[in-house]
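The structure appears right after this line, and notes come after that.
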Amino acid sequence: MDKEERSGQISNLSPGDGITLTCITCPVGCELEVTLEGEGEVRVLNNRCPRGVDYAVQETTAPERTFTSTVKLRGSSLERRLPVRLDRVIAKARLLEVAEYVRTLEAQVPVTMGDVLQDDLLKLGANLVASRSVKE
Amino acid sequence: MVGAAIFRELCRFPLRVLLLDQLHDVGGGASRANTAILHGGFDPLPGTLMSSLNVEGLRLWSSWSRQLDVEVEWCGSLVLATDDEELAAIGDLCLRGRKARVPTVFLLRDALLNREPNLAAEVKGGLFAPVSGLINPFQAVIALVGNGLANGGELALGERVLGLRKIPEGIEVQTSKRTLPTRFLFNAAGVEADHLMHLAGEDWFSITPRRGQYHVLDKSIGHLVRHVLFPAPRKLGKGIVVTRTIHGNLMIGPNAEDLDESDLLTTREGLQAVLAGAKKLIPFPFERYLVAQFSGLRAVSSTGDFHLGPAHAFPGVFHAAGIKSPGLTAAPAIARRLVEMWQERMDLAGHKEVIAQKMDWDPTFRFPPKLSECSLGDRDRLIRENPSYGRIVCRCEGISEGEVREAIRMQPGATDLDGIKRRCRPTTGRCQGGFCTPRLVEILAQERGAPLSSITKFGEASRLTWRDNREPSGCE
Amino acid sequence: MRVTVIGGGPAGMAAALSAKRAGAEEVLLLERAERLGGVLPQCIHTGFGVSYFKEDLTGPEFAERLERLVAKAGVEVWLNSIALQAFPDRQLLVSTRLGLRALRPDVLIFAVGARERPRGAIAIPGDRPAGVFTAGTAQYMTNIQGLQVGREFFILGSGDIGLIMARRFTLEGLIVHGVAELMPFPGGLSRNVQQCLRDYAIPLYLSHTVTGVRGKQRVEAVTVAPVDPNGYPLRDQERTYAVDSLILSVGLLPEAELLRQAGLTMAPETGGPAVDQYYQCEREGIFAVGNGVAIWDLADNVAETAEVAGRAAVLCPPGRGWARVEGRGGIRVVIPQRWRLEDRDLVLHFRAGKPTIAPRLRVTCKGQLLARRGYAALRPAEMEEIRIPAEKLAMVEAGDLVVLELEEGSGG
């Protein structure tokens with residue numbers, strides 16, 4: 001399957017490793033050829049503007065992502081689930097662990113959008129907040 | 001369809017009648033996957049059962065459809081010829097029709113174009129049979145069974161016949177669930193009717209499942225045809241038909257593939273053959289209007305005709321086997337004929353009491369209200385009486401929550417998504433259930449007092465979802 | 001003035017809001033579901049509101065923000081209310097839980113959204129078991145109903161919802177075996193390919209399709225094969241994936257039946273009605289916005305079209321004629337399809353037919369150049385725009401044809 005694209009966890013790269021990244025800074029979507037040269041230093045090819053380099057550095061040194069999920073909602077006659085989010089980005093490498101933990105949580109009505117359901121979730125420095133209001 | 005018609009007819013008499021089906025709903029075999037046509041009766045060879053039962057069945061449907069609230073549309077059919085050889089074949093059909101006393105008219109291209117403006121340039125002439133049309137086959141089975149149930153019949157689903165044994169009182173039927181003693185057994189097992197004949201000790205008859213694949217197309221092109229359009233006859237069945245469903249979708253198919261074993265899958269090649277066949281009659285880019293595909297099995301008998309009658313060596317057993325097209329049209333006549341045979345036996349045996357119709361037998365059946373057929377005033381009144389008629393669940397076909405709830409509550413009621421679809425047709429529209437599936441799951445779960453995750457598409461292991469995604473693993 | 005908006009998703013709410021703010025006395029918003037928001041409540045991921053609210057919100061947050069504004073502005077909302085029929089004179093038949101209602105507003109705005117193409121629309125052969133879902137249906141069942149729709153997935157189509165669901169299933173602890181895309185390029189936004197697939201090492205098979213579904217009761221396997229340049233599967237290279245679910249993300253279509261019924265002219269390339277730059281259809285007082293007109297990339301785009309229409313519905317004087325707008329040579333979709341003559345700049349939204357690097361785009365009328373612009377790249381997945389200055393448009397007259405096309409020799 002020659003068209004197969006496969007790229008693993010970027011944070012597992014060691015010096016000398018190369019990887020292709022799609023820059024997500026703007027819709028051009030440059031296919032960046034990134035090579036890790038040493039601790040926190042990268043060589044970037046195929047970028048059409050300097051923002052590609054910034055993205056590649058961020059992405060190869062400390063990639064971060066937003067996190068959202070749902071939790072079981074108790075006491076509502078209308079809704080079975082409450083959508084939730086973390087109020088700041090977290091390390092990409094922790095997403096699966098966070099997801100597994102959040103699946104075990106529950107919320108109770110009434111709840112208002114922005115309510116903090118758990119602060120400093122798993123000591124990541126981000127709070128889990130309700131992403132909508134459910135009154136009854 | 002045949003079993004359901006026999007069930008309805010037997011329920012006229014003071015008997016205990018049980019309808020057994022191995023599937024989880026009635027009408028789940030050939031009745032749910034066919035061309036849904038009431039055939040005129042000019043096609044079968046004169047002198048065969050197929051011929052006489054087709055004509056008689058057609059006549060019966062015109063009254064049964066009214067008694068049973070089944071949708072039919074007498075739009076007429078055309079058999080079309082594109083060359084001289086096919087014109088000759090149509091001439092033969094015309095003669096067959098005359099012998100069977102089926103009114104047909106031969107039309108030349110100009111006259112055909114008045115009836116069907118979108119015909120292919122190659123079409124030279126055709127046969128017009130005014131007394132033929134469309135039927136809602138799902139509804140027909142449900143109405144027949146519902147009528148039987150209302151007249152005291154019983155229904156057992158998900159139960160398969162494994163063996164038959166002669167006992168002094170009649171027959172002992174071994175099913176997948178229990179042992180059932182019975183006086184009489186009527187075999188209407190469709191493509192498996194030969195299997196049941198084997199169990200009754202007859203192996204002279206066999207059935208080949210013939211698969212036919214279909215495309216259902218969008219309603220927006222339903223107006224392309226007015227009649228049921230057949231190509232001139234070929235060796236394998238009636239060829240690829242261009243027709244409408246009773247609800248206004250265009251439908252094309254079937255191709256014909258003889259199988260060693262029943263298998264209902266569709267294939268890329270088969271579906272392409274259907275498109276190519278349809279284009280010979282109506283040249284149109286059908287592939288841009290695809291809505292759904294399905295395949296059905298026709299029970300092709302080794303004798304080339306229907307087989308009706310008592311078992312040769314197993315008293316009390318009656319067969320209706322090898323019922324392929326025009327079986328749907330012939331079903332009422334098949335049932336009548338078979339029940340008459342049973343009556344004769346009873347009469348000879350001196351059991352006159354069981355062949356007299358029950359005083360309170362009710363020939364009618366009514367479906368719950370269908371909003372799309374109601375006047376605006378009736379519709380408004382229905383909503384005021386029951387607000388769930390005001391909430392539309394299926395936006396493509398305009399089906400309300402109230403109609404879905406009634407489809408579950410009626411007898412025989414829907415127990416899964418396909419059951420709802422066959423009774424009031426949500427998921428059959430443009431979105432094919434994209435919007436309404438979650439709604440239907442909710443309503444079914446509520447009506448059955450069961451968890452959302454227990455709902456199936458068509459019973460057994462056809463689960464839609466595995467579990468609640470926030471309960472610990474293992475909990476259903 | 002009485003304005004009725006059909007559909008309470010982002011487009012409908014934004015249209016109702018802007019009509020009210022522009023001074024319409026009575027604005028009625030009809031929503032068929034029991035909650036406002038359309039698909040937003042099930043889109044629990046972020047990426048919403050970046051331009052409309054200048055904040056990166058989740059779908060439910062975006063919906064709730066809009067809902068609060070709608071309530072504060074005094075828009076009347078009918079839930080569980082569906083338009084059954086619409087007529088060219090703006091008459092509307094509505095089914096509600098209280099009975100049928102006939103309305104005839106001064107302005108009718110359709111914000112009816114889109115539907116997903118189902119399995120039947122692309123005729124995937126094979127068995128017909130449970131376990132084949134469109135991505136949006138799976139999303140609703142996962143996020144709203146809280147159901148586990150499957151354990152092992154294959155996804156056909158790399159539309160954004162499919163990509164989002166690949167990530168969602170992975171975060172739910174489930175397994176996504178791969179995503180197949182018929183075209184040689186992804187259908188969804190590049191950033192979604194990155195953050196939903198590559199982040200989790202989910203393979204994307206370009207120029208591949210699902211050739212069959214197996215399973216008598218529930219899906220047991222799907223077969224996948226590469227396709228030749230004409231899109232025909234190469235069956236000898238077929239691979240089988242043992243999965244219990246097939247998720248389809250093979251395109252959205254404007255849900256245009258009601259508009260067709262109302263006698264509006266439809267645009268074949270979008271599947272929605274033909275509109276002018278204010279999203280007015282070819283009937284005075286009937287507007288169509290959001291994904292009911294054409295499929296936009298983001299809910300923000302959808303809300304912006306609705307804002308334009310809501311304001312115009314109240315404030316716009318009758319037009320003095322229209323010119324036609326058409327995309328050619330590599331341009332697949334252009335919105336609007338008609339330009340209402342006026343002394344303002346015109347922004348054309350368009351989609352390229354295939355990925356093109358460094359193309360130049362030109363807009364002409366009667367052989368004269370109206371605008372020209374170069375792009376770093378154009379992708380079918382991304383709706384782009386070009387602005388034509390008012391002074392250039394002065395030469396365009398009613399009935400003229402404005403053409404948008406890629407310049408020959410540009411791009412690669």
Side-chain angles (χ1 to χ4, degrees), chain B residues 213 215-216 219-220 263-272 287 289-295 371 376-377 379-381 383-384 387-392 395-396 398 400 417 430-435 437-438 441-442 452-453 456-471, chain C residues 32-34 80-82 84 93 95-102 112 115-131 133-134 136-137 140-151 172-174 211-218 233 235 244 248 253 255 257-258 260:
Chain B
Q213 305 186 25
H215 274 291
V216 180
K219 281 188 173 178
S220 63
D263 195 341
L264 275 171
L265 48 76
T266 56
T267 62
R268 190 179 169 91
E269 296 71 26
L271 292 171
Q272 273 169 355
E287 52 275 14
Y289 297 86
L290 305 182
V291 167
Q293 297 75 36
F294 67 90
S295 69
L371 290 192
L376 292 182
R379 190 167 174 152
D380 189 53
R381 187 181 46 74
I383 299 172
R384 285 165 199 277
S388 71
Y389 280 111
R391 186 162 171 246
I392 301 297
R395 64 174 87 160
C396 302
S400 65
L417 286 198
R430 296 181 302 279
C431 86
Q432 287 287 296
F435 290 116
T437 295
V441 167
E442 262 163 37
L452 293 176
S453 58
T456 66
K457 189 167 185 294
F458 45 84
E460 286 180 86
S462 64
R463 288 265 297 272
L464 279 160
T465 62
W466 296 128
R467 62 183 184 90
D468 182 306
N469 65 13
R470 291 294 174 268
E471 294 298 333
Chain C
R32 68 187 146 228
E34 65 278 16
N80 291 303
S81 301
I82 186 167
L84 296 176
L93 182 64
S95 180
T96 78
R97 289 168 65 88
L98 300 173
L100 295 183
R101 296 280 185 275
V112 291
R115 67 173 186 274
E116 298 177 280
R117 290 174 79 204
R119 174 181 177 181
I122 51 172
I124 303 172
D127 293 320
R128 301 211 301 158
F133 299 95
T134 53
T137 306
Y140 185 92
M141 295 177 98
T142 304
N143 293 342
I144 304 284
Q145 292 187 309
L147 293 168
Q148 189 182 82
V149 300
R151 295 189 185 111
E172 286 288 305
L174 308 166
T211 50
V213 175
R214 288 219 305 266
K216 293 300 168 202
Q217 300 271 326
R218 172 84 194 194
R235 301 288 287 273
D244 62 18
L248 303 177
L253 295 169
E255 179 67 347
E257 283 315 299
L258 207 56
R260 194 170 286 132

Subject >> Distance (rounded to the nearest 0.5 Å) between Ile122(C) CD1 and Glu287(B) CD >> reply: 14.5 Å
**OP:** Step by step, work out the side-chain contact (heavy atoms from CB on, under 4.5 Å) result for Val441(B) and Met141(C).
**Re:** CA-CA 10 Å; Val441(B) 167; Met141(C) 295 177 98; 4.1 Å; yes
Subject >> Any donor-acceptor pair under 3.5 Å from Arg32(C) side chain to Ile392(B) backbone >> reply: no
Original post:
Between Gln293(B) and Gly120(C), what is the shortest heavy-atom contact and its length?
Top reply: NE2-O, 2.7 Å
Subject >> Exercise: identify the closest heavy-atom pair between Thr134(C) and Gly434(B) >> reply: OG1-CA, 4.3 Å
Subject >> Separation of Gln432(B) CD from Leu248(C) CG (nearest 0.5 Å) >> reply: 11.5 Å
**OP:** I would like to know whether Gln217(C) and Arg463(B) meet side-chain contact (heavy atoms from CB on, under 4.5 Å); could you show each step before the answer?
**Re:** CA-CA 8 Å; Gln217(C) 300 271 326; Arg463(B) 288 265 297 272; over 6 Å; no
**OP:** Please round to the nearest 0.5 Å and tell me the distance separating atom CG of Leu265(B) and atom CG of Asp127(C).
**Re:** 5.0 Å
Subject >> Heavy-atom closest pair, residues Ser95(C) and Gly390(B) >> reply: OG-O, 2.9 Å
Subject >> Val216(B) versus chain C, the contacting section by heavy-atom distance below 4.5 Å >> reply: neither
Original post:
Is there a donor-acceptor contact under 3.5 Å from the side chain of Asn469(B) to the main chain of Glu172(C)?
Top reply: no
Subject >> Residue pair Leu464(B), Phe133(C): steps toward the side-chain contact (heavy atoms from CB on, under 4.5 Å) verdict >> reply: CA-CA 9 Å; Leu464(B) 279 160; Phe133(C) 299 95; 4.2 Å; yes
Original post:
Where on Leu376(B) is there a heavy atom nearer than 4.5 Å to chain C: the side chain, the backbone, both, or neither?
Top reply: both
**OP:** Indicate the atoms forming the closest heavy-atom contact of Trp466(B) with Asp244(C), along with that distance.
**Re:** NE1-OD2, 2.9 Å
Subject >> Region of Tyr389(B) that comes under 4.5 Å of a non-hydrogen atom in chain C >> reply: backbone
Original post:
Using 4.0 Å as the upper bound for N to carboxylate O, is an ion pair formed by Lys216(C) and Asp263(B)?
Top reply: yes
Subject >> Glu269(B): partners by salt bridge (charged side-chain N to carboxylate O under 4.0 Å, His left out), with sequence neighbours left out >> reply: Arg235(C)
Original post:
Which distance, rounded to the nearest 0.5 Å, do you find between the CD of Gln145(C) and the OG of Ser453(B)?
Top reply: 11.0 Å
Subject >> Interface moiety of Arg430(B) toward chain C, non-hydrogen atoms closer than 4.5 Å >> reply: both
Original post:
Looking at Phe458(B) and Arg128(C), what are the two nearest heavy atoms and their distance?
Top reply: CE2-O, 3.8 Å
Subject >> Sidechain N-carboxylate O distance under 4.0 Å for Glu34(C), Arg391(B) >> reply: yes
Original post:
side-chain contact (heavy atoms from CB on, under 4.5 Å) between Arg268(B) and Thr211(C): does it pass, once the steps are laid out?
Top reply: CA-CA 8 Å; Arg268(B) 190 179 169 91; Thr211(C) 50; over 6 Å; no
Original post:
What's the spacing between Leu98(C) CG and Asp380(B) CG if we round to 0.5 Å?
Top reply: 10.0 Å
Original post:
Can you tell me if Thr266(B) uses its side chain to pair, donor with acceptor, with the backbone of Gly126(C) under 3.5 Å?
Top reply: yes
